[in-house]
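A short write-up of the structure that comes next.
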Amino acid sequence: MTRLGYPRFYITNESAQSESRHPGVACHECHLGDPAATDAPRAHRGLLSLILLDHNLNPVEDRARHYPAIRRAGANRMFAATPKDDEAGERPGRRFATFLYHDRNRETLAYDPAINAKTCGRCHEKQTEQYHRSPMGANLRQREMRGWTPPRGAQNCGPSFADAPPEQALPGGAFSRDNWTKLRQELSTPFTFEQAKTQQKLCNLCHTGCLDCHFEPSAQGATHNFVRKPDSISCVGGGRGSFMCHAGTERRRGNFYLGGEFTEPPGMPPDVHADKGVQCVDCHATGPGGMGHLNRAATCGGCHDSVERAHAQSAHRSLTCAACHVAAAGGYQWTTWGPGELLGQRTPFRKYAQYFGLFSPPLLLRDQRGMWTPMKVWGNSVGGIKNPAPPPGGLRFRWPNGETRDAYVELGTPGGALPGGRHLLWLQFDAVSHPLGKSRSCESCHEKPEQVVNVTWEYRDTQGAMPFLGSHTVTATARGIAISEITNRSAMTLLPGARETDFALWRVLPEAFQAPGDYLLPATVLHLHGF
C-alpha cells in the first residue's frame, strides 16, 4: 500500500474485526466492492468510503490522497476530525469543509436507506426497520416543513426545499420536485430546481444515519471503532464541524449542552450534567419504538427523585425544571432569508442568521400542556413572497399535540413591495432546555409582571455587511410581545452589491416585529410574593 501511495490503508480483516467488535465480518460486508475480483479496479468497483467535501459541498475525487484516514487534531472538539492544513490547526483547512460517512448518498448528501440495506441492515435488520420509522430516521420534523406558510408555518431552518415528505421517501434519497413545486407557487421570485437542490444538500447534512452515532474513530488511530452507546460529541457531529447534527440546532436554539467551543458566542459554560460526564443518551434514552426513537423530553426524576416529588407539590409545580435552571440562551438573535451566494451559486434564500448573541434570561411561556417553559424569541423574515399575508395573529405551536414545544407568531407581510419583493415576517419561539445550572434569581420573574429581555449580538456573516455590533429589547406584557430599541452599536458597512433588505430587514421595518397576546407571568404567583 505504501508503494501505491496509501500507507495508512494497510489493514487486515482481523484488525478491523477487533477494532469494530464485529467478529467474522469481512471488509466487503460494510464497504461493498467485489471480494472475488483479483485486480484492484474490479475489486473496488462500487466501493463505499469516506466522502470528503469541499466548501461548496462537492465530493472530492481521489479523497484518499487528500485525507487518507480520520485524524483528530487540535484542542477544539467541534473541529477535531475535520481536514486541516496542518496537524496543529484548530479549524478546517482552506480546501475542505467536512466529510460524511459512507452510508450517505453522494449526490444528495442525505443518509441513504438503500446503502444501509446492503451494509448495516443485513445484520441489524430489526434496528434498521425501527430507525427508519423513527422521527430521526425519517427526518420527520424537517420533511414536514413543506413551505413558508401553514400548517407548520415559516421556520428558521427553512422548508424542505427538494425533499420528499416521509410517507413518500424516494429510493436512494433522491431529490424530489414536490416541495419545490409547492414553494414556487408561494414565490414572486424565480427559484430553479437546481437552486432548490443546492439548498437541500445543506439541509441533508443533518439527516443522520447509523454511522453518525455508532462509528467513533478514536484519537489513538482505531479507524474501525464502533460503540453501542454514542457519546455527546457524536450528537453534535463527532468533531466534523458546526453544521453537523445538533451542532446546527445549537446555533439556532442557543440550546448548548457541552458549552465551550460548541456555543455561539463561544466559551459559554456547559450544562452542569456535561461537567459530570452525563451523556445525552443517558437522559434522552431510546423509547418504546426502539432505535432512533429517542425521547425528546427527559425527566429529572431518575436522579433527582426527591426534588421532583417536592416540586410537584410546590407553588412552582407548573414550571418545568428548565424554567428556573436555564439562565441564558445563545445562538441566532435575528434571521433574514434573502438573496446571496450559497455553495457557489446565487439563490434567493441565503440564510443570514449569524447574529450571534445572548438572550438572557429566556422568556417564560405556557406550552401545550400548560407548563411554563423557557423560550428564546427572535425576529425572522423571508423575501420574495407572492401573496400578502394577514397581519399579526396569535401564538401557534407547530405541533399542537406536544411532539415539540416550538411555536411561532406570524407577523404578516408589512411594508408592501420592498427590494427583494414582499417579505413575510414572524417571531420564532424555540424551547430551551440547556444548559442547566444554578437557578436564576427569584427577582428575574417576580420583580415585575412584564417580561423584559435585553439582547446583545454581533453580526458575523461573510455576506451583506462587515461585522458589526447591535442590540434590541424583547418585551412581553399583557397586551403583546414586541422587539424594540433595535440598533447597531457600531457602524454597518455594506458589502458590494448588498442591500439592507437582503440581510437586515429590521433596519427597514423596525416597528414590525410585534404582535398582540398575553405574555404575563401568572398573577396568582405574583400575588404570593406581594406584587
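- The two residues Ala75 and Glu261 have their closest heavy-atom pair at O-OE2, 3.7 Å.
- Under the 3.5 Å distance criterion, with hydrogens and angles disregarded, no donor-acceptor pair is assigned to the side chains of Thr373 and Asp367.
- A salt bridge is absent between Glu186 and Arg184: the closest approach of a Lys/Arg side-chain nitrogen to an acidic carboxylate oxygen does not fall below 4.0 angstrom.
- We find that Arg460 and Glu264 are joined by a salt bridge, their nearest charged nitrogen and carboxylate oxygen being less than 4.0 Å apart.
- Comment: Arg143 does not engage Asp178 in a salt bridge, judged by the lack of any side-chain N to carboxylate O separation of less than 4.0 angstrom.
- Ring geometry for Phe193 versus Phe175: interplanar angle over 60°, hence perpendicular rather than tilted (30 to 60°).
- Using a 4.5 Å heavy-atom threshold, the side chains of Phe503 and Asp461 count as separate.
- Taking the six-membered ring where tryptophan is involved, the planes of Phe468 and Trp506 are tilted, since the angle between them lies from 30° to 60°.
- Arg251 contributes a side-chain N or O that, together with a main-chain N or O of Phe262, makes up a donor-acceptor pair within less than 3.5 Å.
- Using a 4.5 Å heavy-atom threshold, the side chains of Leu509 and Leu418 count as touching.
- In this pair, Phe99 and Tyr67 present their aromatic rings tilted. The plane angle is within the 30 to 60° band.
- Arg141 pairs by the salt bridge (Lys or Arg N to Asp or Glu O under 4.0 Å) definition with nothing, not counting sequence neighbours.
- With salt bridges taken as basic N to acidic carboxylate O contacts below 4.0 Å, one links Glu61 and Arg106.
- Residues satisfying the side-chain contact (heavy atoms from CB on, under 4.5 Å) test with Thr473, not counting sequence neighbours, are Val452, Asn454, Thr475, Ser484, Glu485.
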Run the numbers on Met466 and Leu495 for side chain to side chain contact (heavy atoms under 4.5 Å, CB included), then give the verdict. CA-CA 7 Å; Met466 297 291 289; Leu495 292 173; 3.7 Å; yes
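- Counting heavy atoms from C-beta on, the side chains of Leu436 and Val326 come closer than 4.5 Å.
- Using a 30° and 60° split on the angle between ring planes, Tyr257 and His434 fall in the perpendicular class, above 60°.
- Looking at Arg350, its side chain does come within 3.5 Å of a backbone N or O of Glu341 through a donor-acceptor pair.
- In the model, Asn204 has no side-chain atom that pairs as donor or acceptor with a side-chain atom of Arg104 under 3.5 Å.
- Salt bridge status for Arg398 with Asp406: absent, with no side-chain N to carboxylate O gap under 4.0 Å.
- Between Pro339 and Arg346 the shortest side-chain heavy-atom distance falls below 4.5 Å.
- Taking the six-membered ring where the residue is Trp, the centroids of Tyr355 and Tyr332 are separated by 6.0 Å or more.
- In terms of modelled atom types and a separation under 3.5 Å, the side chain of Lys351 and the main chain of Asn156 share a donor-acceptor contact.
- Side-chain contact between Phe161 and Thr347 is absent, with no heavy-atom pair separated by less than 4.5 Å.
- Checked by atom type, the side-chain pair Trp372/His316 shows no donor-acceptor distance below 3.5 Å.
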